[in-house]
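Notes for the one structure printed next.
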Amino acid sequence: MSFLRTKAGFRLLGQGWQHIKPKPVICHSFGARPIVDMSYSHHFVDFHGSSIPSSMKKLVVTELSPNFKKAVTLIPDAPVPVPGDGDLLIRNRFVGVNASDINFSSGRYDISTKPPFDAGFEGIGEVVALGLSASKTYAIGQPVAYLANGSFAEYTVVPAKVAIPVPFVKPEILTLLVSGTTAYISLKEMGQLSEGKKVLVTAAAGGTGQFAVQIAKQAKCYVIGTCSSDEKAGFLKSLNCDLPINYKTENVGLVIKKRFPEGVDVVYESIGGEMFDMSVNCLAIKGRLIIIGFISGYQSSKGILPVKTSSLPAVLLRKSASIQGFLLFHYLSEYREAMTSLLKQYQTGELVCEVDNGDQAPEGRFVGLESVFRAVDYMYMGKNIGKIVVELPHPVNSKL
Ligand SMILES: NC(=O)c1ccc[n+]([C@@H]2O[C@H](COP(=O)([O-])OP(=O)(O)OC[C@H]3O[C@@H](n4cnc5c(N)ncnc54)[C@H](OP(=O)(O)O)[C@@H]3O)[C@@H](O)[C@H]2O)c1
């Protein structure tokens with residue numbers, strides 16, 4: 001029998017966590033109201049017959065490499081983490097795969113971080129245990145989503161202050177956490193979108209691109225979207241993208257030059273390399289290019305493919321054009337507002353949140369942490385339509 005005592009008086013017995021219910025502390029002081037401290041009764045709770053195992057599966061970066069399979073190890077029996085006072089223990093039901101999972105596994109985000117460290121950026125699931133302070137705002141069984149490291153695990157501890165209460169656990173909501181907010185905040189901050197502006201979105205049928213297309217359409221812009229297949233182009237049409245271009249069969253630069261000799265006003269650019277160079281050349285007078293990413297280089301050792309920089313000052317000056325980078329983590333002050341707005345739009349049916357759960361992948365749907373490796377490969381083969389989501393099924397005995 002395993003036994004674990006936390007600061008809060010919470011223990012793990014056998015396969016189930018149980019609540020130690022201390023007596024209320026009653027303090028009398030002369031002339032004052034008695035203070036009844038019931039806080040411990042709200043502290044860690046059991047969860048109605050459901051059980052939290054003592055160990056779980058998780059993905060850990062054990063070696064720095066942009067090759068996800070080489071960098072990441074599936075740990076089959078990691079201890080389930082214990083939430084601290086302000087924390088939630090979340091049982092992950094769906095986790096999101098991001099292009100930057102391989103930037104993270106190669107240590108590009110923080111060169112001081114040394115392996116081992118946990119992988120995965122975002123998840124959605126239910127609260128299954130929580131600390132005293134966290135219990136002021138959250139309850140057992142509550143659906144929550146989060147943007148925090150370590151989501152490629154069956155359970156993740158997340159500070160309550162960064163968790164996002166959501167109405168239900170659905171993969172569509174997960175698409176908003178990184179992808180939706182990236183498109184929303186970057187275009188709001190830097191896009192200066194208005195009716196009639198021409199907006200070019202690269203990787204338009206992917207996780208974040210799908211939202212950039214829809215947000216630009218909401219602003220009544222003319223939207224051009226690049227993608228790699230006719231099926232993706234069909235998906236973009238369904239989002240009312242005005243001009244989907246399959247870059248495998250058409251020359252994007254030539255198509256744009258022919259249709260819009262004066263150029264495009266805004267580029268939402270995620271690919272880098274030749275696509276970046278082409279996008280710069282397509283900019284209109286006072287055009288704006290937002291660098292969202294440069295996925296074409298992420299698998300290389302440098303993480304980026306070369307672009308034509310020597311002519312850049314002259315090209316930008318001649319057009320009074322500008323280029324600006326965007327990284328979601330620098331805009332967290334706007335994150336809650338973005339999530340609230342996007343969630344509302346999804347619930348009212350104004351926003352499509354396309355999920356790719358791997359149904360069309362060679363080995364089928366992405367289920368279980370083992371399939372994160374396949375899901376990353378699938379993205380880097382350029383196959384996904386919408387956001388790649390991996391489902392983590394519940395144990396059969398769960399009542400939550
Ligand atoms: N700045 C930020 O804060 C932030 C946040 C989230 C994501 N991002 C960036 O947004 C971009 C998209 O990320 P995501 O996670 O949403 O991925 P995604 O768009 O769902 O999937 C990646 C897509 O990129 C396209 N692609 C083009 N060339 C590629 C290549 N050489 N290798 C692989 N894919 C290629 C593929 O679609 P097609 O070939 O059909 O176009 C592929 O489906 C990435 O650059 C990522 O770094 C940035």
Side-chain angles (χ1 to χ4, degrees), residues 66-68 95-106 108-109 120-122 147 171 174-190 200-213 224-236 241 244-250 252 267-276 278-279 289-300 303-305 324-332 334-335 338 353-358 360-361 366 372 375-390:
N67 178 337
F68 195 79
V95 293
V97 171
N98 288 284
S100 269
D101 285 320
I102 72 168
N103 286 331
F104 196 64
S105 72
S106 55
R108 285 179 190 136
Y109 275 118
F121 298 140
E122 55 183 340
L147 174 63
L174 186 114
T175 69
L176 304 174
L177 295 171
V178 171
S179 306
T181 54
T182 294
Y184 181 97
I185 300 171
S186 63
L187 287 173
K188 186 171 161 228
E189 282 294 309
M190 298 164 190
L200 169 64
V201 179
T202 61
T208 134
Q210 61 171 329
F211 295 109
V213 168
I224 305 152
T226 70
C227 63
S228 57
S229 73
D230 291 343
E231 195 191 354
K232 291 189 183 196
F235 167 62
L236 290 175
C241 177
I245 306 176
N246 177 350
Y247 67 83
K248 297 268 187 187
T249 56
E250 290 186 273
V252 181
V267 185
Y268 181 94
E269 214 298 275
S270 312
I271 307 289
E274 288 176 9
M275 191 69 94
F276 173 87
M278 183 281 300
S279 302
L289 186 150
I290 309 168
I291 299 179
I292 298 294
F294 27 89
I295 191 170
S296 61
Y298 293 171
Q299 289 177 300
S300 67
I304 187 162
L305 295 186
Q324 201 171 347
F326 173 87
L327 193 59
L328 180 61
F329 296 100
H330 297 150
Y331 288 86
L332 293 182
E334 292 170 53
Y335 188 76
C353 300
E354 187 68 19
V355 169
D356 192 330
N357 60 15
Q360 306 303 319
F366 304 129
V372 172
V376 172
D377 281 350
Y378 184 72
M379 172 181 284
Y380 277 88
M381 286 187 294
K383 297 289 182 203
N384 60 299
I385 295 186
K387 172 88 188 183
I388 299 183
V389 172
V390 173

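Order of listing sets the numbers, starting from 1, for every ligand and every atom in it. The first residue of the sequence shown is numbered 1, and numbering continues consecutively from there.
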Would you check whether [X] has a nitrogen or oxygen atom less than 3.5 angstrom from a nitrogen or oxygen atom of ligand 1?
{"X": "L328", "answer": "yes"}
{"X": "N384", "answer": "yes"}
{"X": "S270", "answer": "yes"}
{"X": "F326", "answer": "yes"}
{"X": "K383", "answer": "no"}
{"X": "L327", "answer": "no"}
{"X": "I271", "answer": "no"}
{"X": "G207", "answer": "yes"}

For this session: Give a yes or no on whether the ring-centroid distance for Y331 and Y335 is below 6.0 angstrom.
Result: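 Judged by ring-centre distance (under 6.0 Å), Y331 and Y335 do not meet the cut-off.
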For this session: Establish, yes or no, whether a centroid distance under 6.0 Å links the rings of F294 and F276.
Result: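 Not close enough - the centres of the two rings lie 6.0 Å or further apart.
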Among all the protein's non-hydrogen atoms, which is closest to [atom], and how far away is it?
{"atom": "atom 41 (O) of ligand 1", "answer": "A203 CA, 3.4 Å"}
{"atom": "atom 29 (C) of ligand 1", "answer": "I295 CG2, 3.9 Å"}
{"atom": "atom 15 (O) of ligand 1", "answer": "A99 N, 2.9 Å"}
{"atom": "atom 5 (C) of ligand 1", "answer": "T182 OG1, 3.1 Å"}
{"atom": "atom 37 (O) of ligand 1", "answer": "K232 NZ, 3.1 Å"}
{"atom": "atom 47 (O) of ligand 1", "answer": "Y298 OH, 2.7 Å"}
{"atom": "atom 7 (C) of ligand 1", "answer": "T208 CG2, 3.6 Å"}
{"atom": "atom 17 (O) of ligand 1", "answer": "M379 CE, 3.4 Å"}

Non-hydrogen atoms of [X] and [Y] that approach each other most closely:
{"X": "I271", "Y": "S296", "value": "O-OG, 2.6 Å"}
{"X": "S179", "Y": "F211", "value": "C-CD1, 3.9 Å"}
{"X": "I290", "Y": "S186", "value": "CD1-O, 4.0 Å"}
{"X": "C241", "Y": "V213", "value": "CB-CG1, 3.9 Å"}
{"X": "D101", "Y": "G96", "value": "OD2-O, 4.2 Å"}

Problem set entry | Option nearest atom 48 (C) of ligand 1 (shortest heavy-atom distance, choices I292, T181, I385) |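 Residue with the shortest heavy-atom distance to the ligand atom: I292.
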Exercise. Evaluating non-hydrogen atoms only, which member of G206, G382, S296 is closest to atom 19 (O) of ligand 1?
Worked result: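 Looking at heavy atoms only, G206 sits closest to atom 19 (O) of ligand 1.
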Exercise. Is V178 touching ligand 1 with its side chain, its backbone, both, or neither, if touching means heavy atoms under 4.0 Å apart?
Worked result: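 It is the side chain that touches ligand 1; the backbone stays farther off.
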Exercise. Where's the contact between M275 and ligand 1, heavy-atom distance under 4.0 Å: side chain, backbone, both or neither?
Worked result: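 Near ligand 1, M275 shows nothing, with every heavy atom at 4.0 Å or more.
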Exercise. Under 3.5 Å, side chain of Q210 to main-chain N/O of E354, donor-acceptor pair present?
Worked result: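 Yes: the side chain of Q210 pairs with the backbone of E354.
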Exercise. Are any side-chain N or O atoms of N98 and backbone N or O atoms of S100, one a donor and one an acceptor, separated by less than 3.5 Å?
Worked result: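 Answer holds: no.
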For this session: Walk me through it: do Y378 and F366 pass the test ring pair (Phe, Tyr, Trp, His ring centres under 6.0 Å)?
Result: CA-CA 10 Å; Y378 184 72; F366 304 129; 5.4 Å; yes
Heavy-atom contacts with [X] under 4.0 Å: which atoms of ligand 1 show up? List them by number with element.
{"X": "G293", "result": "45 (O)"}
{"X": "Y247", "result": "27 (C), 28 (N), 38 (P), 39 (O), 41 (O)"}
{"X": "S228", "result": "38 (P), 39 (O), 40 (O)"}

Exercise. If we ignore angles and hydrogens, is there a donor and acceptor under 3.5 Å between the side chains of Y247 and T202?
Worked result: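 Absent: no donor and acceptor within the cut-off.
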Problem set entry | Presence of salt bridge, E122 and K387, under 4.0 angstrom |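 Here K387 pairs with E122 in a salt bridge, since their nearest N and O are under 4.0 Å apart.
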For this session: Flag yes if more than 12 heavy atoms outside E274 fall under 6.0 Å of its CD atom; otherwise flag no.
Result: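 For E274, atom CD is not crowded (no more than 12 foreign heavy atoms under 6.0 Å).
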Exercise. Would one find more than 12 heavy atoms of other residues, nucleotides or ligands at under 6.0 Å from atom CD of E189?
Worked result: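 Counting neighbours around CD of E189, more than 12 heavy atoms of other residues, nucleotides or ligands fall under 6.0 Å, so yes.
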Exercise. Touching ligand 1 at all, F294? Heavy atoms, strictly under 4.0 Å?
Worked result: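 F294 counts as a contact of ligand 1 under the 4.0 Å cut-off.
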